[in-house]
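What follows is one structure encoded as structure tokens, with my remarks underneath.
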Amino acid sequence: MLHDMYVAIGNAIKETTGATDALLTDGGEHADLASTIAFALAKQKKQAPLKIARDLAEVLAKNQALRGITIEADGPYLNFTFGSAYVSETLREALQPGYGNLPKKSTRVVLEHTSANPNGPLHVGHIRNSIIGDTLARVFRKAGYPLEVQYYVNDMGRQIAIVVWGFDNLDSAQQEGEKEDAHIARVYIEANREIEKDEGITRQVNILMQLVENGDAATVKKFRREVSRCLEGFKVTLKDLNVAHDRFVWESDFIRNGNTERIINKLKRLPQARDDETLALDLSEFGFGNKYVIRRSDGTSVYAARDLAFHAWKGANFDRIIDVLGADHKLIGSQLQCTMKLLGEKVPEIVFFEFVSLPEGSMSTRAGKFVSADDLTTEIRKRAFEEVTVRRPELDEETRRTIARSVGLAAIRYDIVKVSPEKSTVFNWKEALDFERQSGPYIQYAHARACSILEKAGSFSECFELETDQEIALAKMIARFPMVIESVVTELRPHILACYARELADTFNTFYHFEPVLKSEGKIRDRRLTLVKAVQNTLKESLQTLGIDAIHTM
RNA sequence: GGGCCUGUGGCUUAGCCUGGACAUAGCGCCGGGCUUCUAACCCGGAUGCCGGGGGUUCAAAUCCCCCCAGGCCCGCCA
């Protein structure tokens, strides 16, 4: 609905003025939409912006395509305020199940996220990747795209070789109740300590790496076993965060199926190839200072080669490739994009996010310096359970536990997704455990409140004629939802949805405090209940798209 | 040394790509509001040289240049 208005007004301005851009912006408190076209036309028309705006408002007011829209010139600004038809149409749309869904598309999208090395549990830095990725995935599906979500398993890296060395050489039995990924981290940390003491171990690790690349059956089996165990741990962590992957793609498969060898042969033929002892690309003409190494002098491939093979495979099976990667991958990500372009392959779009650190500094799995996602989940559920128990002592324990799980999940996911990805953050227990304003639970609470009103109301006849400023403001906020979904898809910035959901909850809370619903009567009660139903549905869709449970009571 | 990202009230943060009407919100602070639809809430108030300096423009938090501070990256690691 909002999108339709945007197009109609934009076209009318362009037709009337001959401008190529209608310069439409959000009207803020002045209007629903505004245009600054009068400034742009001032020079060519040799007229004051005030006069241009005034004249244009007069002409546009007569345009039949803009019926029902109030058009006013406020100084040099052209203000457009939508009328009652817009508001009632919004309400009708927002009552539909799946409000905000966009038309089905045929572009097949593959989205890769998380892809952490399987050498220890996921920590609060990794899950920023998971939550940005999973939210994007949900938004793409809502926007009508067929989508596959993948986890790229780095199963042949040095870290894994170190883990395997640890299992072969150290006292490495799994402890009572120890989760697989935590167990692997313990062995990995211990093995790294040994490596620092004894350089000879590095040679043994190198041998393991060669054996696995050459396909030595026993070594491959060991690598696979430990990596699989670690992934089992990850799956539990991700499930607790309501994050899901459709497919786990193993890096070593691209050696075994010959794809890496094939892409290396193609790379050799590029004019940028330098095939001396190593095979590398010279990408200096594109602004890259270092060599992009593809194959070692001993003939084995490096990560970059397998990654290129992986992305070529994705390009062959999908129309659009999106990767969510940490800022430490910016250089290699750009080199990958550059090389894919040189090969004539599809170029992946990469969503980068900056690091999460601890107050005492960067996280490090190797040094055992991290806050694991499991610890965060455990702690936040505990806190949420205490909170629910204080607020709803009459509920039985089982119900309180269920609510606490949803509230905890909401707090974690929202706390992470609300921040722009290009901002680096410092993990803060106090903020992560906050269930008040600008939090996931705050939005859940607004939704639960709407549910409660609707439940008490019973049946009512729908009424689409809103009257008061608060009612109309809320309806207009609801109207923005589909365009929010659209902008997340085009900008690949999920925090836009997080901000919107919070603003919608804010607007509803204000409405709630000024406009009685159940205590009003007749048509007023009907139209407010209709509005509450619309906002409840929109909040539900927003929350679910953020991967947060839209619970009915809390 | 080079490249990328960030810098917005005491703290956290939106807006920056696509320049426009008094810069968004929260925490904290001050003052109000629960016998009334769930107070995980609402209302009011104080707090901003939008890191600094130049420039472009009728107009700059937003675009360009320089500088400062912090983070990340620059490996025959992944």
Side-chain angles (χ1 to χ4, degrees), chain A residues 21 23 25-31 34-36 38-40 42-43 48-49 74-77 79 117 119 154 156-160 209 251 277-280 287-291 293-304 306-307 326-332 334 352-355 357 362 384 387-388 390-392 407 411 418-426 428 430-431 434-446 448-457 491 493 495-496 498-499 502-503 505-506 509-510 512-520 528-529 532 553-554:
Chain A
D21 186 345
L23 299 175
T25 59
D26 184 76
E29 65 215 83
H30 306 278
S35 170
T36 57
F39 289 109
K43 213 168 247 174
D74 183 356
Y77 299 94
N79 287 340
N117 285 328
N119 58 346
N154 303 121
M156 48 189 307
R158 174 160 226 99
Q159 298 93 322
I160 310 308
M209 288 178 71
E251 183 181 359
E277 291 206 332
T278 63
L279 174 65
F288 296 103
N290 59 334
K291 292 195 298 182
V293 177
I294 304 295
R295 199 188 54 203
R296 301 188 183 93
S297 53
D298 66 3
T300 58
S301 61
V302 298
Y303 172 84
R306 278 107 62 177
D307 206 21
D328 54 338
H329 286 68
K330 275 188 180 179
L331 178 61
I332 56 165
S334 312
F352 290 109
F353 65 94
E354 289 290 331
F355 268 43
S357 57
S362 325
E387 194 72 28
V388 175
V390 169
R391 290 165 188 279
R392 303 295 299 276
V407 166
K418 74 178 177 188
V419 183
S420 314
E422 67 272 16
K423 228 112 170 173
S424 53
T425 63
V426 177
N428 178 325
K430 188 172 173 293
E431 277 172 30
D434 184 10
F435 302 144
E436 301 198 333
R437 303 266 203 124
Q438 301 205 335
S439 75
Y442 167 82
I443 302 164
Q444 284 179 309
Y445 189 72
R449 197 177 235 179
C451 288
S452 171
I453 293 173
L454 292 167
E455 196 183 317
K456 289 201 169 82
E491 298 182 38
R493 292 167 71 75
H495 81 282
I496 295 171
C499 291
R502 195 209 74 227
E503 283 175 20
D506 284 344
N509 280 331
T510 303
Y512 172 91
H513 282 276
F514 287 99
E515 312 277 28
V517 178
L518 295 178
K519 274 175 294 172
S520 50
R528 288 188 182 161
L529 279 168
V532 170
T553 186
M554 61 191 281

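In this text the structure is predicted, and so the values were computed from the model without any measurement. We name chains A, B, ... by the order of the sequence lines, and we start the count at 1 in each one.
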Any side-chain N or O of A/S424 below 4.0 angstrom from OP1/OP2 of B/G70?
no

Give A/F39 one of three labels, base, sugar-phosphate or nothing, depending on what nucleic acid heavy atoms sit under 4.0 Å from its own.
base

May I ask you to say what A/D74 touches in the nucleic acid, namely base, sugar-phosphate or nothing, with a heavy-atom cut-off under 4.0 Å?
base

Length of the CD1-P vector between A/I496 and B/C17, whole Å:
13 Å

Judged by modelled atom types alone, do A/N509 and A/Y445 share a side-chain donor-acceptor pair under 3.5 Å?
no

Look only at the side chain of A/N117 and the backbone of A/N119, and say whether a donor-acceptor pair between them is shorter than 3.5 Å.
no

Is there a side-chain polar atom (N or O) of A/T36 under 4.0 Å from OP1 or OP2 of B/A21?
no

How long is the line joining CG of A/D26 and P of B/U18, in whole Å?
19 Å

Using a heavy-atom cut-off of 4.0 Å across all strands, would you classify A/E455 as base, sugar-phosphate, or nothing?
nothing

Base, sugar-phosphate, or nothing: which does A/A327 touch, judged by heavy atoms less than 4.0 Å apart?
sugar-phosphate

Would one find a side-chain N or O of A/K423 under 4.0 angstrom from OP1 or OP2 of B/G7?
yes

If you go through the side-chain atoms of A/E277, does one of them form a donor-acceptor pair with the base of B/C76 closer than 3.5 Å?
yes

Please state whether the phosphate of B/U12, meaning OP1 or OP2, lies under 4.0 angstrom from any side-chain nitrogen or oxygen of A/R437.
no

Looking only at B/G15, B/C73, B/U38, the nucleotide nearest the A/S420 side chain is B/G15

Picking from B/C72, B/A78, B/A25, which would you name as closest to the side chain of A/M209?
B/A78

Whole-Å distance between B/C37 P and A/K456 NZ?
7 Å

Between B/C43, B/C37, B/A78, spot the one nearest the side chain of A/F514, thanks.
B/C43

Whether A/R502 contacts B/A14 is assessed here as follows: a side-chain N or O lying under 4.0 Å from the phosphate OP1 or OP2. Is that the case?
no

At 4.0 Å (heavy atoms only), tell me whether A/R306 reaches a base, stays on the sugar-phosphate, or touches nothing.
sugar-phosphate

Any donor and acceptor pair, going by atom type alone, linking the side chain of A/R528 with main-chain N or O of A/P516 inside 3.5 Å?
yes

Is the terminal nitrogen or CZ of A/R449 (NZ for Lys, CZ for Arg) located under 6.0 angstrom from the six-membered ring centre of A/Y512 and within 45° of that ring's axis?
yes

Candidate nucleotides B/U57, B/C74, B/A14, ranked by approach to the side chain of A/H495 - the nearest:
B/A14

Given B/A78, is OP1 or OP2 found less than 4.0 Å from the side-chain N or O atoms of A/R296?
yes

Distance check needed: B/C37 P versus A/R528 CZ, whole Å only.
16 Å

Could you please name the option among B/U6, B/U38, B/A14 that lies closest to any side-chain atom of A/E422?
B/U6

With sugar-phosphate meaning primed atoms plus P, OP1 and OP2, does A/L23 contact a base, only sugar-phosphate, or nothing at under 4.0 Å between heavy atoms?
nothing

On a plain distance test, is the side chain of A/S297 in donor-acceptor contact with the base of B/C76 below 3.5 Å?
yes

Determine whether more than 12 heavy atoms belonging to other residues, nucleotides or ligands lie under 6.0 Å from atom CD of A/E491.
yes

Name the nucleic acid region contacted by A/A457, choosing base, sugar-phosphate or nothing; use a 4.0 angstrom heavy-atom cut-off, strictly under.
nothing

Could you state the CG-P distance from A/N509 to B/G26, rounded to the nearest angstrom?
12 Å

For A/G157, is there any backbone N or O sitting under 3.5 Å from a side-chain donor or acceptor partner on A/N154?
no

Euclidean distance, atom NZ of residue A/K330 to atom C1' of B/C5 [Å, nearest integer]
4 Å

Atom-to-atom span, CZ of A/R392 to C1' of B/U38 - whole angstrom
7 Å

Just by distance, with hydrogens left out, do A/S301 and A/R296 show a side-chain donor and acceptor under 3.5 Å apart?
no

Any donor-acceptor pair under 3.5 Å joining the side chain of A/N79 to the base of B/A21?
yes

Rounded distance (Å) that lies between atom C1' of B/A78 and atom CD1 of A/I160:
9 Å

Classify A/V388 by what it touches in the nucleic acid, base, sugar-phosphate, or nothing, heavy-atom distance under 4.0 Å.
base

Which part of the nucleic acid, if any, lies within reach of A/K418 when heavy atoms closer than 4.0 Å are counted: base, sugar-phosphate only, or nothing?
nothing

Any A/Y512 side-chain N or O less than 4.0 Å from OP1/OP2 of B/U36
no

Just call it for A/V517: base, sugar-phosphate, or nothing, with non-hydrogen atoms closer than 4.0 Å on any strand.
base

